[in-house]
Amino acid sequence: MTSSSLRVKGLTKRYGDFVALAPTSLDVAKGEFLTLLGPSGSGKTTLLSLIAGLAHPDEGHILVDDADVTHSPAYDRDIGVVFQNYALFPHMTVEDNIAFPLKMRKVADADLRRRTAEALETVRLPHVAKRYPRELSGGQQQRIALARCIVYRPAIILMDEPLGALDKKLRDQMQLEIKRIHRELGTTIIYVTHDQEEAMTMSDRICLMNAGAIEQLGTPEDLYFRPQSVFVADFLGESNLLSATVRQVDAQGLDIVLADQAAPSRAVGNGASFAAGEPIKLMVRPQNLHVEDAANGKLTGRLVDVMISGSMTRLYIAPERVDMPQLVAAYPTRSSAAPYEIGQLVSLDWNSADAVAIRDGRGH
Amino acid sequence: MTSSSLRVKGLTKRYGDFVALAPTSLDVAKGEFLTLLGPSGSGKTTLLSLIAGLAHPDEGHILVDDADVTHSPAYDRDIGVVFQNYALFPHMTVEDNIAFPLKMRKVADADLRRRTAEALETVRLPHVAKRYPRELSGGQQQRIALARCIVYRPAIILMDEPLGALDKKLRDQMQLEIKRIHRELGTTIIYVTHDQEEAMTMSDRICLMNAGAIEQLGTPEDLYFRPQSVFVADFLGESNLLSATVRQVDAQGLDIVLADQAAPSRAVGNGASFAAGEPIKLMVRPQNLHVEDAANGKLTGRLVDVMISGSMTRLYIAPERVDMPQLVAAYPTRSSAAPYEIGQLVSLDWNSADAVAIRDGRGH
Amino acid sequence: TPAIWSPSRAAGKRIVVRDDGGIYTKAYGAVFYRPFTDATGIEVVGVQANAEPVAQIKTMVDTKNYTWDMAKISWPAILLLTNGSKVYLEKHGLESEPVIKSIPAEFMSPYGVGTNVYTTVLAYRTDAFKGRKAPQSWADFWNVAEFPGRRAVRKHPFDTIEEALMGAGVPTAQVYPCDVDKAFASLDKIKSSVAVWWTSGAQVEQMLISGEIDLLPTWVSRPQSAQAAGAPVEIVWNQGIWGGDNWSILAGTPNADACREFIKFASDPKRQAALTEYFPAGLTQPEAFNYVKPELAKNCPTYPDNIKAGLKIDAKFWFDNQAAVIERFNSWILA
Amino acid sequence: MALAKAPAIEPGQLRTTARSRARSQAWTWAAMGGPLVLLLVFFLVYPVGQLLLLSIYNDSGFTLAPYRQLFASAVYIDVLLITLKISLATTLVCVVVGYPIAYLISVVGKDRKATLLFWVLLSFWTSFLVRAFAWIVLLGRNGVINKLLLSLGIISSPASLLFNFGSVLVGMVNALLPLAVLTMLSVMENIDRNLPRAAATLGARPGMAFWKIYFPLSLPGVAAAGIMVFVTAIGFFIVPALLGGRRETMITQLIIDQVQQTLNWGFAGAISVLLLIVVLIVFVAYDRLLGLSTMTGAAAPRRAAPSRLADPVQKIGDAVLTLLGMISDRIILALPSRRRDRNPEQAGLGLQAFVWTMLIIISAPTILMIPLSFGTGGLNWPPQGFTLHWYETVLHSPVWTQAFLRSLLVGLGTGGLAMLIGTPAAFLLVRSNVPGKAAWLAFILSPIVVPRMIIAVGMFYVFARMGLVGSAFGLILGHTVVAVPYVVMTMMAVLRNYDTRLDHAAQSLGARPFATLRHITFPILGAGMFSSFLFAFATSFDELTIALFATGGLNATLPKQFWDEVTLQVSPVIAAVSTCLFIFMGLLIFVAERLRRRAAAR
Ligand SMILES: Nc1ncnc2c1ncn2[C@@H]1O[C@H](COP(=O)(O)OP(=O)(O)OP(=O)(O)O)[C@@H](O)[C@H]1O
Ligand SMILES: Nc1ncnc2c1ncn2[C@@H]1O[C@H](COP(=O)(O)OP(=O)(O)OP(=O)(O)O)[C@@H](O)[C@H]1O
Ligand SMILES: [Mg+2]
Ligand SMILES: [Mg+2]
């Protein structure tokens, strides 16, 4: 079985004065599927290049199966990479591109052909085998880059947005393929994506990066339901963040009061410990914010906009109280749903089990 | 005001024997926001290149404001392009890249500086002004490409996945910016994206392409609620497609029977006319497929998988009747939701207003 | 043939002789080298190098790596190689040999046995002077008014200085030591009338044949080959400026004696005469003319009528003055 | 768990690994640059240095006499200025004329590319001596052009086309244009074609798009071509001597006079030193203006310390490019409007016409040799009679075939060795952060700058001691010394535009450095590698001076044989040989092309 564990200790990369990656430590278990998520420029590609041996860290160590590979050349690491910009070899046909890693491993000709053809099948592009990369569309190139990486089954695969240029349909299919490879071969995968849905459905754990450092590392549910910071709450999925103060903490949750409001309400914690009187942010996901016609909810506001974005229809609501940010509520799209009217006064409510308290220490 | 209408008549592009774009006609109104959507390799980039004057059509005409520009050079068309692979000038700093179109228009120095700075602000990258493109991350490069295009406010803007490399958060912000530019300047925009949500929320109309031809052209609601073909239903948003037969057509909708099932049910049409006895596909969106514990729904099946993908939690269900495809139901994610058990028998139901009949002529 | 690629030379009976290449190698091979090998068993290899190969000879002697054993070189070269603190040539010591003795002293020196004479002459196109008087002296060449025509002059002071003096009316006998000031004054007069400043013999030949030039001073072999190509060219032997080529032995070569044998062999009058079948050689053995057909003989630089009215180059003058004169000539020509 | 087993890493250990990395880096540098440095030190610096030292040392010790002599007369400075003028003019014309040619070659399809390249390379296969003569025949009073113009009634008496600055320029450009074209081509092949198109959508008319986008991207090629043509031109003397007039004297000629006629080594050394210093000054000025750093790849950290000089220069450069763009666009606008349905992906007719005109002009000498080789009237226009005599002479004489084979062998050897030694050095200069890159570059270029005669004499001295005189290996070594700068420069120019991410990709896919080079880097740099090899080969194939010395005259090479042929008599034999070479090369390329197409069809 080709699978390896990976450890990164205090890895740092600077470009001149600019710190692209602050000292970062990370453990990835054998066969784990870890996703790197984070804003553009947060150091995801940088971290991958260091792990792959394509850039030299200024400090820190990389261990593959407990062996220090910090100074090993890339070709000795058995780490496959799918590059963000594809990096297909322009002078080779698609077929030759995919066969390249097999050739480097001196795979016998018949085997090589078979596996190349298989990889092309996997990415659903058997008909472009003889073309050159410049004769492919963006998405086709990306799939070839993917095929070239999975064809030789490296122990660790790093994928830098391998599906970024694909449409939803194909993306879903490719996700299944990647998961299948992951499952069947037990390969350790570190995956970069901008698609949160993808990150949540595919990963064992998600590593959320921000400004060259790890912001939170945990299972998708951890990050989604128990974000450790406002940044995480805000970055992963949409969220309404309301200022509040802790009144009292008990085993089941917290008693809180929303800012400038007398009525107390309940919330659940995110795992951190809270003290009474502490100012917090209360996170309510849009799909958990219920809009009601009657004025019996926790908040009221005016409907600003309605947007259908596929399966969800979003309502944008300006709260009556001016110092609050705009709120978003979402509900499943139905062609048969009764339409709301822009400008209409609505009442908002949520289930206290869906309101998560977050320390207000770090803002974005 | 800089805005132009665009007409494309019978535009065709072949690469050798391969037809990248079959004769295609398309009208885009002044100030319209049109999105091209379609599988990888369906000819979106090809169409854009032809419109921009970067490739030469084999046949057909392009009219901008009713003037034939088919043979005008790119620089005469006043059509801005954001390239799929960015096409930033490697020998210029970010700043110079953005200032380039202004320089070409002999914009005065002070004005040029101001507008360049503004554009950098818009894409939230004022700090990288002096860097070279190779010193930027993928997402940063893409934003610079966007800034370079919007800075000079062309009458028509073509954008080939301008936000593909951005994370959700930034993407949302950039979407708002693009919409703002569209609104404020009235620019006509043709937009390519793989993100359906983006397509649905941003577009006036969506043009869905398939294999070098237009599959359906209409408003997002048209395409989402009234897909003209199985391909459209399948491509835009998730859908459950069930085989059925028309029993009877009336003003409000259709009486249908699901394949091999006796119980009749109702459905709405997609605008096409149906005849009794015609085989159709019945489309039910996952969010409209309700899962109930009790066995009183229209169908029953076994729960195969549950997946939380952010705001939606998806249930994958294998219907009891084997010849049916796997079904997907979705509901808003709640941390407080009672968990389903894998293998559990569930009953499925839907509102007949959410069941759309589609001619079964063309398959995928 | 792989033998060609073996390092410089194998030990054994072989001498390597530097000659001028081209037709010389061809003629010498047939007349001297192969017959000598047949007669003595010593192989002779003729090699070509650029003109005035003093640098090579110096290096070979300094490094004791004798790629060549002997060389055919000019008087100025002999002076350059023997006038410093180190002498780079072997004294041949053949003066008393009968076959050498018969060579006139003016062709001989302790370091070189005269084997050829070359002459710089005035040559002109007969078609340019059809129906009018053709030039017969350097004075005529300098007389632009009476002898109009496109002129070329060598872009180098060698010979040119002598021509200028004779052109200014200095008698042949009084040319040396050259009055350089006077020579340049004379050159000034003709400077503006010179259409081409030539630098190589091949160029001269081409210009004579194509009619680019009507009259010019040049090495006699060039107008001769122009004539052979059918060009209407005439040679003026009057006031020809001649110098000698010599067989010289590199100092310290282990094959010096074989070289001496070869020099003796190649100085044989009959053998020298045989060269004229290939080209009008400047035979140094007066006796050789006995074996040359008269119509060939009158083309030879050393044919008594030709050399009689000529001027022998004073190598010593040039050895002493060339640095200054070349520099002056170079600045003069740019002015 | 794994944690416990993980080796503890001490800070000290960290330092050691850093140090050992530095050490292994030093080794890599030595392995890559070492051979070139050794080659140059042994066969250039040491021998030539000894000769140059003679300019400050004589029998009586230290002296500056040669230098006093040098400045006592204005003539040396004058000749130097003339040399610079001719070289600069040659460089300018070569780059300006060569650029469109290279551009067209880079944009046309594979088939037409081969044809165009054939014509560019045609003059490579004709000895410089033959070409010079051909120009005399073409431009002479009774030459081809004058006869043509007279018969057309355009002129009434022959024009003076020969023996002036113009004819020198024609001859020099003819000799050096292929060098310029191939160098620029190798860079242009790697320019992303999307970028000028992007510029067009941003409103840049063709002129602007060219000058502000394409041109700057091709600049490394222009810079490399410029410097190589310039430095090579400085060393030319036979062509200017044959085609020039009274004033067209090259400094090298003076040096050779000192070596050959007066054996004044000290003074020859002094002139050489003057020449070297001037070239170095030109080099530095060039570096400041255009930036050799653009070629060494040291451009990235510019931002960190913006030099006060670089900024205004950059601004001026930008302004000049803008101006050029505007002017070009005006001109294009003024031209009669082009066909409306012109495909923007194809090159314009004007460009094609220009390129073909230029190619025909530079091929004229070679083509002229064909009719002359069948005539009986020598190298003269018009050819007279018809004879195959010259071909018989050539084909029956073993010396020509032997010389040809020998030149071919030495040329291939030189090409191979120069690539072997030069390519790693080019990689080192572009990819690594070795200090003092500009100085290294100057050092590497020095074999072209130092007069051939000086190198030849110095090398002869070394060869004589090593017993290499007359051996093929010696000759290959000698030629490699003068050919390797071309390889390094071309490869550097090409590497500048190379996307190193492809190398990274290959390594991550398991390719070791050598495999990466073999499968990825080299194939992608194919055009550049081919150019480099060709320069090295052509340099050797056409080299006379070193061949004369290094062989000791024992083994004639082709140029030597040509030279020999004209020393006593000019016959159309050289025309016949040129024609044979022309046919040979034509056939070779034709066959290669056929094979390539067959392979591609499969
Ligand atoms: N130069 C070419 N030679 C041959 N085929 C080409 C060439 N360029 C594009 N194609 C083909 O034309 C088709 C359409 O390509 P296009 O780039 O327009 O697709 P696209 O819709 O933009 O896809 P994507 O979403 O993946 O970018 C593809 O199948 C592609 O392989
Ligand atoms: N060569 C370089 N010189 C200077 N800064 C650089 C260089 N390469 C990257 N950076 C900076 O380092 C930071 C991290 O870049 P990186 O490519 O890792 O981002 P990323 O997380 O992959 O972003 P994206 O999602 O946009 O691809 C960015 O701010 C980028 O601008
Ligand atoms: Mg990245
Ligand atoms: Mg595309």
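Order of the sequence lines sets the chain letters (A, B, ...), proteins ahead of strands, with each chain counted from 1.
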Peer 1: Is there a side-chain contact (heavy atoms from CB on, under 4.5 Å) between E197(A) and R314(B) once you walk through the steps?
Peer 2: CA-CA 11 Å; E197(A) 232 173 82; R314(B) 262 190 248 311; 2.9 Å; yes

Peer 1: Please flag which part of E221(A) lies under 4.5 Å from any non-hydrogen atom of chain B: side chain, backbone, both or neither.
Peer 2: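 Side chain only.
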
Peer 1: Among S352(B), P286(B), G41(B), A165(B), who wins on heavy-atom pairs under 4.5 Å with chain A?
Peer 2: A165(B)

Peer 1: Mind checking salt bridge (charged side-chain N to carboxylate O under 4.0 Å, His left out) for E198(A) and listing every partner two or more places apart, or none if nothing turns up?
Peer 2: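 Here the qualifying residues are R171(A).
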
Peer 1: Is chain B contacted by the side chain of F235(A), its backbone, both, or neither, given a heavy-atom distance below 4.5 Å?
Peer 2: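 Both parts, backbone and side chain.
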
Peer 1: Give the minimum heavy-atom separation between I308(A) and T201(B), together with the two atoms involved.
Peer 2: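 That closest heavy-atom pairing would be O-CG2, 3.9 Å.
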
Peer 1: Counting heavy-atom pairs closer than 4.5 Å to chain B, which one of K44(A), M202(A), R131(A) comes out on top?
Peer 2: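 Max contact count across the listed options: R131(A).
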
Peer 1: Between the main-chain N or O of L236(A) and the side-chain N or O of K168(B), is there a donor-acceptor pair closer than 3.5 Å?
Peer 2: no

Peer 1: Has the side chain of S40(B) got a donor or acceptor atom that lies under 3.5 Å from a matching backbone atom of Q140(A)?
Peer 2: yes

Peer 1: Out of L166(A), D167(A), L37(A), which one racks up the most heavy-atom pairs below 4.5 Å with chain B?
Peer 2: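 It is D167(A).
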
Peer 1: So, E238(B) and K169(A), do they make that salt bridge, N to O below 4.0 Å?
Peer 2: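 Salt bridge: no.
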
Peer 1: First locate atom CZ of R285(A), then atom CZ of R334(B), and finally report the distance between them rounded to the nearest 0.5 Å.
Peer 2: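 One gets 14.5 Å once the value is rounded to the nearest 0.5 Å.
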
Peer 1: Of all of S137(B), A330(B), S311(B), which one pairs up most often with chain A through heavy atoms under 4.5 Å apart?
Peer 2: S311(B)

Peer 1: Using non-hydrogen atoms and a 4.5 Å limit, figure out which bit of F18(A) sits close to chain B: side chain, backbone, both or neither.
Peer 2: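 The answer is the side chain of F18(A).
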
Peer 1: Working to the nearest 0.5 angstrom, can you tell me the gap between T333(A) OG1 and D354(B) CG?
Peer 2: 10.0 Å

Peer 1: At a 4.5 Å cut-off on heavy atoms, which part of R226(B) comes close to chain A: side chain, backbone, both, or neither?
Peer 2: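 No part of R226(B) comes within 4.5 Å of chain A.
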
Peer 1: Looking only at heavy atoms, what is the nearest atom pair of P332(A) and Q287(B), with distance?
Peer 2: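 So the minimum-distance heavy-atom pair works out to CB-CB, 3.5 Å.
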
